[in-house]
Amino acid sequence: MLTYEQALSQVLQASARCSRQVEKVALADAFGRVLAGAITAGFDLPRFNNSAVDGYGVLVEDLLGAGADTPVTLKLKGQIAAGGTEGDDLKPGECLRILTGAPVPDSVEAVVMKEYCRLSDEDGSATVTVATGTRIGENIRMRGEEIEEGSQVLGPGMLISPPIVGLLATLGQTDVDVFKQPSVAVIATGDELVDPGTPLSGSQIYNSNSPALLAALRALGLKNVSTFHTRDDEEETRSVLQNALENFDVIISIGGVSVGERDFVKGTFESLNVQTVFWRIAIKPGKPVYFGTIEGQNAGAVSKLIFGLPGNPVSALVTFNLFVKPALKIMQGLSEQEQRITTARLKRNLKKKAGRLDFVRGTLESGEEGALVAQATSGQESHMLTGLAQADCLMLFASDLEFLPEGAAIPVQLINWHE
Ligand code: AMP
Ligand code: MG
C-alpha cells in the first residue's frame with residue numbers, strides 16, 4: 001500500500017499536468033483567484049513626491065539650530081492639500097502648509113510635522129514658529145521609492161488577497177487575468193442516504209458528506225460545484241459517474257470505494273476510461289481513497305482528476321484536506337505550497353496499531369515557554385464528526401509507532417478550511 005507521502009506526490013504530479021486556461025475578471029471578483037500573468041507598473045509609485053504628514057514644507061537651512069528653546073519663525077506662503085496643485089517655489093525664510101498626501105514642490109526640502117509648529121496670524125500676515133530642526137527629505141515620500149514605472153510588481157501564481165486587490169487598484173487596473181477555476185462534481189453514493197428535510201425511516205441516515213464537501217469547496221472560493229447522488233446500483237452508478245466525467249473537471253465521489261459487494265465506484269470509473277493512479281493508502285482515516293485521471297489531448301497532459309473518497313464523514317473530510325485541496329490549488333495555478341506542519345508536545349499519551357499513519361484529530365493550546373501542546377479530541381472514530389468539528393489540527397502519529405508518551409513531540413498539520 002502507498003504511504004501518505006507517495007500518494008500525495010502522485011496527486012501533485014498529476015495536478016501539475018492539468019492544462020490551465022486564463023480568463024479576465026473584474027477587480028471586484030478577483031479576491032481568492034490566482035494571478036495568471038505578471039503585473040507591471042504603468043507609472044512610478046508614488047507617482048509624485050508627496051507629504052507623509054500634516055505639516056509645513058521648509059528649507060533645511062532655515063531651521064539650522066532650531067529647537068525647543070530656540071524656535072525659528074517663518075513666513076507662511078500658502079497651503080497645499082491632498083489632490084491640490086504644487087503652487088509657487090519656496091524662498092528662504094518662507095514655509096508652506098502641506099497636508100498628508102499633498103504634492104510637495106521641488107523647492108521644498110523637508111516637511112516638519114505640524115506638532116512642532118505654531119501658527120500665528122497677527123496683522124493679517126501669517127507666520128509659523130518651528131521648534132525643531134530637520135534634514136533633507138524628512139517626511140517626503142519620494143516619487144518611485146516603492147515601485148518604478150515598468151518594473152514587475154506581482155508575479156503569476158500569486159493568490160489574490162485584499163492587499164493585492166488594493167495594489168491592482170493602486171495601479172489603476174479595472175480587471176485582471178486569472179486562471180480559470182475547475183468545475184467540480186460531488187457524488188454521494190449509498191441506498192441509505194436521504195437529504196435533511198425528509199423524515200428518516202428504517203436504517204436511513206442523512207447525507208452529511210455532500211453539504212460538508214460543498215462547504216469545504218465554497219470555503220476555497222470554488223463557484224462551479226454541483227452535487228449528485230446515486231444508489232448502490234451498478235447501472236445507476238455508471239450513469240451518474242459518466243455524466244460527471246462528461247461535464248466536470250474534478251470528480252469527487254464519496255463512499256462505495258472499499259471492498260464491499262456493493263462498492264461499485266472504482267470498477268465503474270475504470271470501465272469509463274479513468275486511469276487508476278492509486279487505490280488504498282496506509283493512512284487512518286481514509287484507507288480506501290481512490291485517485292485516477294483522464295488523459296488530455298497532448299501527450300502527458302491530464303484533463304480531469306477523479307477522487308473516490310471513503311464514505312465515513314471524517315474520512316471524507318480528512319482525505320479531502322489531504323489530497324483534494326492541494327490538487328485544487330495546483331489546478332488553479334497556485335505556486336506549490338508547503339504543507340504547514342509544526343511540532344507540538346502531547347498532552348496525553350497516544351496508542352494505536354503499527355502499519356498506518358494516523359491523522360489524529362486534535363486541539364492545540366500554548367504550553368510553557370510558548371511551546372504548542374496538542375491533545376486528541378474525543379470521538380476519534382471515522383464516523384464521529386464531533387471529533388473533527390472540535391479539532392484545529394491533525395496530529396501525524398507515524399505509521400511504525402504504537403505508542404507515544406505524554407510530552408513527546410509530534411508533527412501537527414493545522415486545519416484551515418479557508419486555504
Ligand atoms: P461506504 O464507504 O459507502 O461503505 O460508507 C462508509 C460509511 O459512511 C457508512 O456508514 C455510510 O453509511 C457512511 N456514509 C457514506 N456516505 C455518506 C454520506 N454522504 N453522508 C453520511 N454518511 C455517509
Ligand atoms: Mg456505501
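Worth knowing before you read on, the calculation uses all heavy atoms, side chains too, and leaves out hydrogens, waters and symmetry mates. Atoms within each ligand, like the ligands themselves, are counted from 1 in listed order.
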Distance from atom 18 (C) of ligand 1 to nearest protein heavy atom, with residue and atom:
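Closest protein heavy atom to atom 18 (C) of ligand 1: N209 ND2, 3.1 Å.
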Please state which protein non-hydrogen atom is closest to atom 5 (O) of ligand 1 and give its distance, to 0.1 Å?
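So the nearest neighbour among protein heavy atoms is G311 CA, 3.7 Å.
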Any salt bridge between [X] and [Y], counting N to O under 4.0 Å?
{"X": "R97", "Y": "D54", "value": "no"}
{"X": "K347", "Y": "E365", "value": "yes"}
{"X": "E23", "Y": "K180", "value": "no"}
{"X": "E270", "Y": "K266", "value": "yes"}

On a heavy-atom basis, which atom in L322 and which in L394 lie closest, and how many Å separate them?
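Looking at all heavy atoms of both residues, the closest pair is CD2-CD1, 4.3 Å.
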Is there a heavy atom in S208 that sits closer than 4.0 Å to ligand 1?
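In this structure, S208 qualifies as a contact of ligand 1 - some heavy atom is under 4.0 Å.
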Regarding ligand 1, does A188 bring an N or O atom to under 3.5 Å of one of the ligand's N or O atoms?
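No: no nitrogen or oxygen of A188 is under 3.5 Å from one in ligand 1.
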Please indicate whether any nitrogen or oxygen in N312 is less than 3.5 Å from any nitrogen or oxygen in ligand 1.
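Yes, at least one N or O pair falls under 3.5 Å.
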Would you confirm whether Q181, through its side chain, and G221, through its main-chain N or O, come within 3.5 Å as a donor-acceptor pair?
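Such a contact is found between Q181 side chain and G221 backbone.
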Using a 4.0 Å cut-off to any heavy atom of [X], which atoms of ligand 1 qualify?
{"X": "G256", "result": "1 (P), 2 (O), 3 (O)"}
{"X": "Y206", "result": "20 (N), 21 (C)"}
{"X": "G255", "result": "1 (P), 2 (O), 3 (O)"}
{"X": "N207", "result": "18 (C), 19 (N), 20 (N)"}

Report the part of E192 in contact with ligand 1, treating N, CA, C, O as backbone and CB onward as side chain, heavy atoms under 4.0 Å; options are side chain, backbone, both, neither.
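Answer for E192: side chain.
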Check each heavy atom of I205 against ligand 1 and say whether those closer than 4.0 Å belong to the side chain, the backbone, both or neither.
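Just the side chain.
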Could you check whether the rings of F248 and F228 sit parallel, tilted or perpendicular, using 30° and 60° as the cut-offs?
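It falls in the perpendicular class, over 60°.
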R141 versus S51, side-chain donor and acceptor atoms under 3.5 Å
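No donor-acceptor contact under 3.5 Å links the two side chains.
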